[in-house]
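Small disclaimer: the values here were computed from a predicted structure and weren't measured.
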Amino acid sequence: QADLDQRFVMGDQDLWGLIFPGVATYRRKMFNFNITNGLIQTASGYQRRNRKTSTCIHVMPQGQKTADQLTKCLYHVVNKSGVYQTYSDCFDKGALTTGLGFLSTYIDYTNDVVSGDIKKRYVDMKSCSFDPYFRKHDMSDCRWWETRQFFDKEEAAMLYSDFYDEIMSLPKGTYRDDKFFYMPEVYQIQYPNLIALDEYWYLSQREATYLIDKKTEECQEWEGDEEELRDLMRKRAKEGVEFKKILAVEKRQKPTVRRAIILNDRILVDEPNPYHIDKYPIVPCLGYFNPDSPYYAYKFRGMARDIRDSQYCFNRFQVNGMDQVEAQQSGIKMEKGALVTPDDSLNQGNGRVLVTQPGMFNLVDKLHVDPPSPVFLQMVDTLKHYMMEIAGVTPEMMGQEIDDKAGIITMIRQSASVTRLQTLFDQFDEFQRLDGDLTIEMIQKNWTFGKVKQVIGEEPTPEFEDRLFYKYSCKVATGVLTEN
């Protein structure tokens, strides 16, 4: 279904006989009058024109400076790697077209071999496989998620230098199997010597150590090793009391995410999350999300799914109308011997002369061609109106409403018309907020204080890498995007 949605938006002419094989399309040219793409681009264009920025705002008054520093780090990530364009691709190609797209976050160590650069890429729904029963927007209940990329040997060996020998020893030729068969590298495009590199992320558990304040019952996870914990317990607090009398230690299983790297269907490594977080480095961009539907084709649905039938009927009406006009014979009708030179009836263009026999002028007449029926033309306009109604796009949004209203009234009407698409924009705002949370956590876990200092231009505050500070004292919010 996602592939059909995408082909509708692209205006693929080969779809009509595939979707409805009972319809007679033999020896007929099925022209495509692609209105679907214009409706999709209306919603996508509104999002691009009204882009929002991710900022970190403080909840407690004393957290202002640290929140500002986290915001500067967010700005660095999104501006250096073109994240706003990637966001729009997720909304356009994912939420609006197929109903679901993914934003993958990874760390590139090409230019920074210590902290790495946080980058993001759009992953199409057809380039991955995942647990179809997940219900939460942050994918915390998704059991597994897998994606595939194709590299040549040298590129893969550079990205995964720890497995250089295994990668270079692979046989020549592009690897193929029965997975991800909608990807262009597998479907139709031939390219030699590509290897299939799969990232398989899955839910797991790990043992976590928690320190609990016996008096206030505050809890925080201990991220050091056992020897460091024993040293801490032997130390004394400011009051002169040993920490082992103040803190209780409790060990519990904690949900986490692991990664397996599969090269040409062979597992290279199964490791803990390399980004030192306990969540997927993936955020889904959802359209119309129906997680409790038992029908897979309707769990994830975009705008294109609803307007496919009306687009199909609109194309059929247009093609049938042209067939009716072309089926009528044009030219002249005449009685045999009416023209002095019969071949003059085949003349075309301006200034042609027909010379008739004396008294036979009335026996030469033009063939009558019936124009398209007004009812037919009205049906075409009705189908076009249905497409706009189903998609939730109004003429005001597309700038097609022409009247004598004041400009401010037109702007108000355009803003009010977006209400019908508010579900899609709310889903996108939640997607951007979740990605901001993920980015902040990866910054805290992977960036050194030296890199943070270079990014923000000052010394980081002591609370900068404190996860409890981010949990209780600040949060990610969206704001107006400006050039500065």
Side-chain angles (χ1 to χ4, degrees), residues 1-46 91-101 124-126 181-182 184 187-188 286-290 293-328 370-395 397-398 400 417 420-421 423-424:
Q1 292 296 328
D3 182 63
L4 291 178
D5 292 339
Q6 193 175 64
R7 294 173 69 181
F8 259 94
V9 174
M10 292 188 300
D12 189 351
Q13 293 178 336
D14 297 330
L15 278 172
W16 314 121
L18 300 176
I19 300 177
F20 301 103
V23 178
T25 58
Y26 179 63
R27 297 182 67 180
R28 296 180 64 190
K29 185 65 176 178
M30 291 300 296
F31 298 103
N32 195 342
F33 305 87
N34 191 359
I35 300 177
T36 302
N37 184 60
L39 299 177
I40 295 292
Q41 295 307 314
T42 299
S44 175
Y46 184 87
F91 187 64
D92 181 359
K93 302 174 185 177
L96 297 180
T97 301
T98 61
L100 174 64
D124 192 83
M125 186 179 180
K126 304 189 300 297
F181 46 83
Y182 280 108
Y187 188 61
Q188 58 186 5
L286 299 164
Y288 298 111
F289 184 37
N290 303 288
S293 172
Y295 309 105
Y296 291 156
Y298 301 102
K299 281 180 178 287
F300 311 101
R301 183 168 52 88
M303 287 177 60
R305 189 77 52 85
D306 295 334
I307 56 182
R308 281 186 347 197
D309 289 346
S310 54
Q311 173 71 77
Y312 177 82
C313 293
F314 180 85
N315 284 342
R316 284 207 64 200
F317 263 85
Q318 292 287 52
V319 172
N320 288 338
M322 289 189 295
D323 286 346
Q324 292 176 20
V325 173
E326 292 175 351
Q328 301 183 66
D370 293 325
S373 169
V375 176
F376 176 85
L377 297 177
Q378 187 177 2
M379 280 297 300
V380 172
D381 290 338
T382 302
L383 284 171
K384 186 176 180 180
H385 175 72
Y386 282 163
M387 292 183 67
M388 298 180 69
E389 284 292 321
I390 294 171
V393 177
T394 61
M397 290 181 63
M398 304 183 72
Q400 296 178 351
S417 62
R420 302 182 65 179
L421 302 175
T423 298
L424 295 173

Atom of [X], atom of [Y] and distance for their closest heavy-atom approach:
X: A43; Y: M303; answer: CB-SD, 4.0 Å
X: R305; Y: A2; answer: NH2-N, 4.2 Å
X: I40; Y: A304; answer: CD1-N, 3.9 Å
X: L424; Y: Y288; answer: CD1-OH, 3.7 Å
X: F314; Y: V380; answer: CE1-CG1, 3.4 Å
X: T98; Y: L100; answer: OG1-O, 3.0 Å

Are E389 and R420 side-chain neighbours, meaning at least one heavy-atom pair lies under 4.5 Å?
yes
Distance, nearest 0.5 Å, that separates [atom1] of [X] from [atom2] of [Y]:
X: F91; Y: Y46; atom1: CZ; atom2: OH; result: 10.5 Å
X: F317; Y: T382; atom1: CZ; atom2: OG1; result: 9.0 Å
X: D5; Y: D3; atom1: CG; atom2: CG; result: 9.0 Å
X: L96; Y: T36; atom1: CG; atom2: OG1; result: 12.5 Å
X: D381; Y: M379; atom1: CG; atom2: CE; result: 10.5 Å
X: F8; Y: D309; atom1: CZ; atom2: CG; result: 7.0 Å

Between N290 (side chain only) and Y298 (backbone N and O only), is there a donor and an acceptor less than 3.5 Å apart?
yes
Answer yes or no: is there an ion pair linking D306 with R301, defined by an N-O contact shorter than 4.0 Å?
yes
Let me see the working for F300 and L286 under side chain to side chain contact (heavy atoms under 4.5 Å, CB included), right down to the final yes or no.
CA-CA 7 Å; F300 311 101; L286 299 164; 4.0 Å; yes
Begin with the C-alpha distance, continue with both residues' side-chain angles, and end with the deciding distance and a verdict on side chain to side chain contact (heavy atoms under 4.5 Å, CB included) for Q311 and N34.
CA-CA 8 Å; Q311 173 71 77; N34 191 359; 4.0 Å; yes
Can you tell me if OH on Y386 sees more than 12 non-hydrogen neighbours from other groups inside 6.0 Å?
no
Within the supplied structure, the quantity of interest is the number of heavy atoms (other residues, nucleotides, ligands) at a distance under 6.0 Å from K93 NZ; does it exceed 12?
no
Under the side chain to side chain contact (heavy atoms under 4.5 Å, CB included) criterion, do D92 and Q41 qualify, and how do the steps go?
CA-CA 8 Å; D92 181 359; Q41 295 307 314; 3.5 Å; yes
